[in-house]
Amino acid sequence: MKRIKRWAAALLVAVLSFCFTSGVYAATFKDVKKDAWYFSAVNWAVEHNITSGTSSTTFSPNATCTWAQFMTFLWRDAGSPNPKGKASFSDVKSTAYYAKAVSWAAETGICKGVEKNGKTVFLPDAKITRAEAVTFLWRALGSRVDMETVHPFKDVPKGAYYENAALWMRDFGIVTGTNGNTFYPNNSCTRAEVVTFLYRIASKNLAGRGTPNGDLPFRCY
């Protein structure tokens, strides 16, 4: 009963937040038009300090998002928690703006890094793909497999590391494909796409539903 009440309260907060979003933040960016599909997402992300513009008047919605930027957005969406330790990635300096975000992502199992020349690295400047983005988000949401849809994507191979992530995220309306059957897993994600994914997760209150493994690393709005 307490959990149900907590979910209901979280949902109410989310609904009220979205109802009173005015667009004042996104409107300051000359490259974010009011009729853009990502307008509300950009406004929400800036309002909640998940990201800011690339300048005082630009957001650069079509710029490619890097691994470092993505983890920073996700970490801020989680409330910028302090990690217990420092990630052992050889290419992440403790002074980097994304250091805490990466350490937190490693601790929570969201990002495991990659092996390169015998070392575990993070590749902070690498462009994040759609496959990688949905996988990280899916892990943050508890790696759930409660999807009901038949496999819709012709370019998502059976057994691919991102298969369950792509299917689950599509089932809950976080990602869509071209004509409903193409996911483009290897395409790079833009800043607009990433904040839209996070915005949709918040608007659908997916993080407030809980998982068998405990609390999720997302705030509810």
Side-chain angles (χ1 to χ4, degrees), residues 10-78 127-138 140-141 147 149 152-156 162 165-209 218-221:
L11 178 59
L12 178 60
V13 172
V15 170
L16 290 175
S17 176
F18 283 97
C19 287
F20 290 99
T21 298
S22 64
V24 65
Y25 298 93
T28 62
F29 301 126
K30 63 183 181 182
D31 55 356
V32 179
K33 305 299 182 184
K34 288 187 176 181
D35 58 351
W37 55 268
Y38 47 80
F39 179 84
S40 294
V42 171
N43 186 72
W44 169 84
V46 175
E47 179 183 8
H48 292 288
N49 298 314
I50 292 170
T51 183
S52 58
T54 51
S55 76
S56 60
T57 58
T58 58
F59 182 78
S60 302
N62 297 319
T64 300
C65 193
T66 66
W67 276 44
Q69 292 168 343
F70 181 90
M71 288 305 166
T72 301
F73 293 170
L74 186 57
W75 174 67
R76 289 172 180 166
D77 193 16
K127 297 178 180 179
I128 194 163
T129 65
R130 285 170 59 84
E132 293 163 346
V134 297
T135 298
F136 293 148
L137 290 171
W138 177 68
L141 287 165
M147 52 273 199
T149 188
F153 297 127
K154 62 183 182 181
D155 57 350
V156 175
Y162 56 87
L167 296 183
W168 191 90
M169 299 290 275
R170 179 190 183 278
D171 218 28
F172 283 87
I174 307 305
V175 300
T176 57
T178 303
N179 298 322
N181 62 5
T182 308
F183 178 65
Y184 294 113
N186 297 319
N187 280 18
S188 298
C189 264
T190 64
R191 285 167 55 87
E193 288 175 321
V194 171
V195 296
T196 298
F197 293 162
L198 293 171
Y199 172 72
R200 288 173 180 169
I201 288 172
S203 65
K204 295 174 184 294
N205 195 40
L206 293 180
R209 295 188 179 187
F218 283 97
R219 289 179 292 175
C220 289
Y221 298 97

Q.
Is any side-chain heavy atom of C189 closer than 4.5 Å to one of F70?
A. no

Q.
Quick check: do L198 and L137 have side-chain heavy atoms less than 4.5 Å from each other?
A. yes

(Q) Restricting to side chain to side chain donor-acceptor pair (under 3.5 Å), what partner residues turn up for S55, sequence neighbours left out? (A) T58

Q. Rounded to the nearest 0.5 Å, how far apart are CG of D155 and CG of N181?
A. 8.0 Å

Q | Nearest heavy atoms of I201 and M169, plus distance in Å | A | CD1-CE, 4.3 Å

Q: Could you tell me which non-hydrogen atom of A165 sits nearest to which non-hydrogen atom of V134, and how far apart they are?
A: CB-O, 3.6 Å

Q: Using the test side chain to side chain donor-acceptor pair (under 3.5 Å), find all partners of W67 that sit at least two apart in sequence or belong to another chain.
A: E132

Q: Could you pull out the closest heavy-atom pair between F197 and V175, with the gap in Å?
A: CE2-CG1, 3.4 Å

Q.
Let's go through K204 and I174 carefully: what are the C-alpha distance in whole Å and the side-chain angles of both, what is the deciding distance for side-chain contact (heavy atoms from CB on, under 4.5 Å) to 0.1 Å, and is it a yes or a no?
A. CA-CA 9 Å; K204 295 174 184 294; I174 307 305; 3.9 Å; yes

Q: Could you pull out the closest heavy-atom pair between T182 and K154, with the gap in Å?
A: OG1-CE, 3.3 Å

Q) Which pair of heavy atoms, one from L167 and one from P152, lies closest together, and at what distance? A) CD2-CD, 3.3 Å

Q) Excluding sequence neighbours, so at least two apart, what forms side-chain contact (heavy atoms from CB on, under 4.5 Å) with A192? A) W37, Y38, P61, T190

**Q.** Sequence neighbours excluded - salt bridge (charged side-chain N to carboxylate O under 4.0 Å, His left out) pairs with any residue from residues 183-194
**A.** R130-E193

(Q) With heavy-atom distances below 4.5 Å as the criterion, would you say the side chains of F73 and C65 are in contact? (A) yes

Q. How would you list, by chain and number, every residue that makes a side-chain contact (heavy atoms from CB on, under 4.5 Å) with S56, sequence neighbours excluded?
A. none

Q. Who are the side-chain contact (heavy atoms from CB on, under 4.5 Å) partners of A41, not counting sequence neighbours?
A. V195, T196, Y199

